[in-house]
Amino acid sequence: KNEVEQSPQNLTAQEGEFITINCSYSVGISALHWLQQHPGGGIVSLFMLSSGKKKHGRLIATINIQEKHSSLHITASHPRDSAVYICAVLIQGAQKLVFGQGTRLTINP
Amino acid sequence: NAGVTQTPKFRVLKTGQSMTLLCAQDMNHEYMYWYRQDPGMGLRLIHYSVGEGTTAKGEVPDGYNVSRLKKQNFLLGLESAAPSQTSVYFCASSPDGPYTGELFFGEGSRLTVL
């Protein structure tokens, strides 16, 4: 079983829909990252969380440490949000990031 | 601002050939990482460095060597390429470590070993 599981693996939605991508992990962590990988391949850091919630523009990330779960929400989705979204967790006590397999999001106009 | 720059972007090698991937960052970051990305798998750490002159093994170090002679550069070498090393390679950097904030990634280097 992977230490980090993302769901869904693929998600297709219409422009304007509210999007939720989930990340569950099975180990103790110090922090969790959400990353965006563009169709061209480049990877951009979106958030780093250790508790609670963070918001940047239309993106919201939440984490529940007790339940070992994080969600990435996109409000008023747009075709330019189409990308692969990757969750990565920092294993507690180790300088090691473990990455999920990613969620491929496609927003149709 | 350049950020993290990887060269080359694409390379095709024959089995047994050697090559070096260069990662350069202009943000004065202490930590640098080399990852590989394969279909259906998450990014996996090959080697990392916590400062000039230091390197350490990651999750999948076999078949690779690294050097960090200058703070801004992190080199990944393949001494004798194998088809299993066909992958997309990403370099990343961070100011103080993966737990302190943002990671900065290069655009990736696609390597094919025939």
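We name chains A, B, ... by the order of the sequence lines, and we start the count at 1 in each one.
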Segment of A:Gln6 engaging chain B (4.5 angstrom heavy-atom cut-off): neither
Neighbour count >12 (heavy atoms, 6.0 Å) for atom CD, B:Glu79: no
B:Lys9 atom NZ, over 12 foreign heavy atoms within 6.0 Å: yes
Spacing of CD belonging to A:Gln101 relative to CG belonging to B:Asp38, to within rounding of 0.5 Å: 11.5 Å
Joint cluster assignment, B:Tyr33 & B:Val66, ILVMFWY side-chain distance < 4.5 Å: no
Minimum heavy-atom distance B:Phe105-A:Ile43, with the two atoms named: CB-O, 3.4 Å
Heavy-atom neighbours of A:Arg104 CZ exceed 12 at 6.0 Å: no
Same apolar cluster (I L V M F W Y, side chains within < 4.5 Å links), B:Ile46/B:Leu21: yes
Part of A:Leu32 lying under 4.5 Å from any heavy atom of chain B: neither
Any side-chain heavy-atom pair of B:Tyr35 and A:Leu97 under 4.5 Å: yes
Most chain A-contacting option - heavy-atom pairs closer than 4.5 Å, from B:Gly58, B:Gly106, B:Gly42: B:Gly42
Side chain / backbone / both / neither for B:Val50 at chain A, heavy atoms under 4.5 Å: side chain
From CA spacing to verdict: side-chain contact (heavy atoms from CB on, under 4.5 Å), A:His33, B:Glu102: CA-CA 8 Å; A:His33 292 255; B:Glu102 190 172 356; over 6 Å; no
Linked, directly or transitively: B:Val4 and A:Met48 (ILVMFWY side chains, under 4.5 Å): no
CZ-CD distance between A:Phe99 and B:Gln37, expressed to the nearest 0.5 angstrom: 9.5 Å
Among A:Cys87, A:Ser45, A:Gly102, A:Gly100, residue most engaged with chain B (heavy-atom pairs, under 4.5 Å): A:Ser45
Common cluster, A:Ile63/A:Ile60, ILVMFWY with side-chain heavy-atom separation under 4.5 Å: no
Which atoms of B:Phe104 approach chain A - backbone, side chain, both or neither, heavy atom under 4.5 Å: neither
Atom CD of A:Gln9 with >12 non-hydrogen neighbours under 6.0 angstrom: no
